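So the structure is just underneath, and the comments pick up after that.
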Amino acid sequence: MALLETFAHPAIFPWALLVFGLVVGSFLNVVIHRLPKMMEREWQMQCAEMRGEKLPEERKFNLVGPGSHCPACGHTIKALENIPLLSYLVLRGRCSACKARISPRYPTVELLAGIAGFYCANRYGFGLAAFAATCFVWALIAASFIDFDTQLLPDSITLSLLWAGLLVALSGTFTDLRSSVIGAAAGYLALWSVYWLFKLATGKEGMGFGDFKLLAAIGAWTGWKMLLLVVLLSSFIGAFVGIGLIVLARHGRNIPIPFGPYLASAGVVALFWGPAIQHYYLANIFG
């Protein structure tokens, strides 16, 4: 009990959740790298089973094993080389064995996860709200980077986030259950409708089904009143970044741009600052 009281102290809790977030960020890097490969292997197995074929047995590959290793030389990463942020700085962004460059994405994800924990602890204090909001952001970090890399939004993340949002709504932490359920349904149907309207008009698919599920999950966490803000903000960010990629990076107009990261960014804004933004908008626009 004394240990829990110490952990929950306002001067300690944010820093404790910061450190824990850095550790979770290291695991999120594993999720971002391995989950799409695990999904691909599962699809290959399902296709082989439908064809009546048997795939050759492969070594165990999941979020736990095999241990982390350098993708360039296969060097097994030791515990002291896997300390969040610190190891990257000590190694100067290079593998200790082959000196291959380590992507700065790894410390970036760790830092984002740590900052999320620190901010939520400071904002909500010790309790369900801080832990729930932190997990919400962690899940969106993983989903965003996976979508950016592969244009996939795994059901294991989006649907888990959806159900978690509904469960958290039982306590009325961020929104009430009624608003949460309507937000989940409306979020899915909103992008589902846009998808089919665009497909009927152009014959092309404008977005993936994972985007529907992600907006449904965000709606479950924030409530239906935040959906318009999420859609408008994510569309604005997506358009701004997309134009920037086309103009500055010569990104082809026909190359699809993942929408998940923009939805996730807008979802974070809606959860933390959505009510304040709505109040400001209504007060200044409608008096």
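Just so it is clear, the structure is predicted and the values come from calculations on it, not from any experiment. Numbering of residues begins at 1 and proceeds along the displayed sequence.
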Q) Can you check side-chain contact (heavy atoms from CB on, under 4.5 Å) on Leu191 and Leu263, steps first, answer last? A) CA-CA 11 Å; Leu191 291 189; Leu263 280 175; 4.0 Å; yes
Q: Determine, using ring centers only, whether Phe212 and Tyr195 are less than 6.0 Å apart.
A: yes
Q. Just by distance, do the side chain of Ser234 and the backbone of Val231 share a donor-acceptor pair under 3.5 Å?
A. yes
(Q) Could you check whether atom CH2 of Trp138 has more than 12 heavy atoms from other residues, nucleotides or ligands sitting under 6.0 Å from it? (A) yes
Q: Drop me the distance from Thr134's OG1 to Ile115's CD1, to the nearest 0.5 angstrom.
A: 12.5 Å
Q. Just wondering, more than 12 heavy atoms not from Leu80 lying within 6.0 Å of its CG?
A. no
**Q.** Short side-chain to backbone donor-acceptor contact, Arg123 and Phe272, under 3.5 Å
**A.** yes
Q: Could you tell me whether Phe131 and Tyr124 have their ring centroids closer than 6.0 angstrom?
A: no
Q | Approximate separation, where rounding is to 0.5 Å, of Leu35 CG and Asp149 CG | A | 12.0 Å
Q. So does Phe148 have more than 12 non-hydrogen atoms from other groups sitting under 6.0 Å from CZ?
A. no
**Q.** Over 12 foreign heavy atoms within 6.0 Å of CZ, Arg178
**A.** no
Q) Which is it for Ser87 and Glu81 under the side chain to side chain donor-acceptor pair (under 3.5 Å) test, yes or no, and what are the steps along the way? A) CA-CA 5 Å; Ser87 293; Glu81 298 173 336; over 6 Å; no
Q) Okay, side chain of Gln278, backbone of Lys225: is any donor-acceptor separation there less than 3.5 Å? A) yes
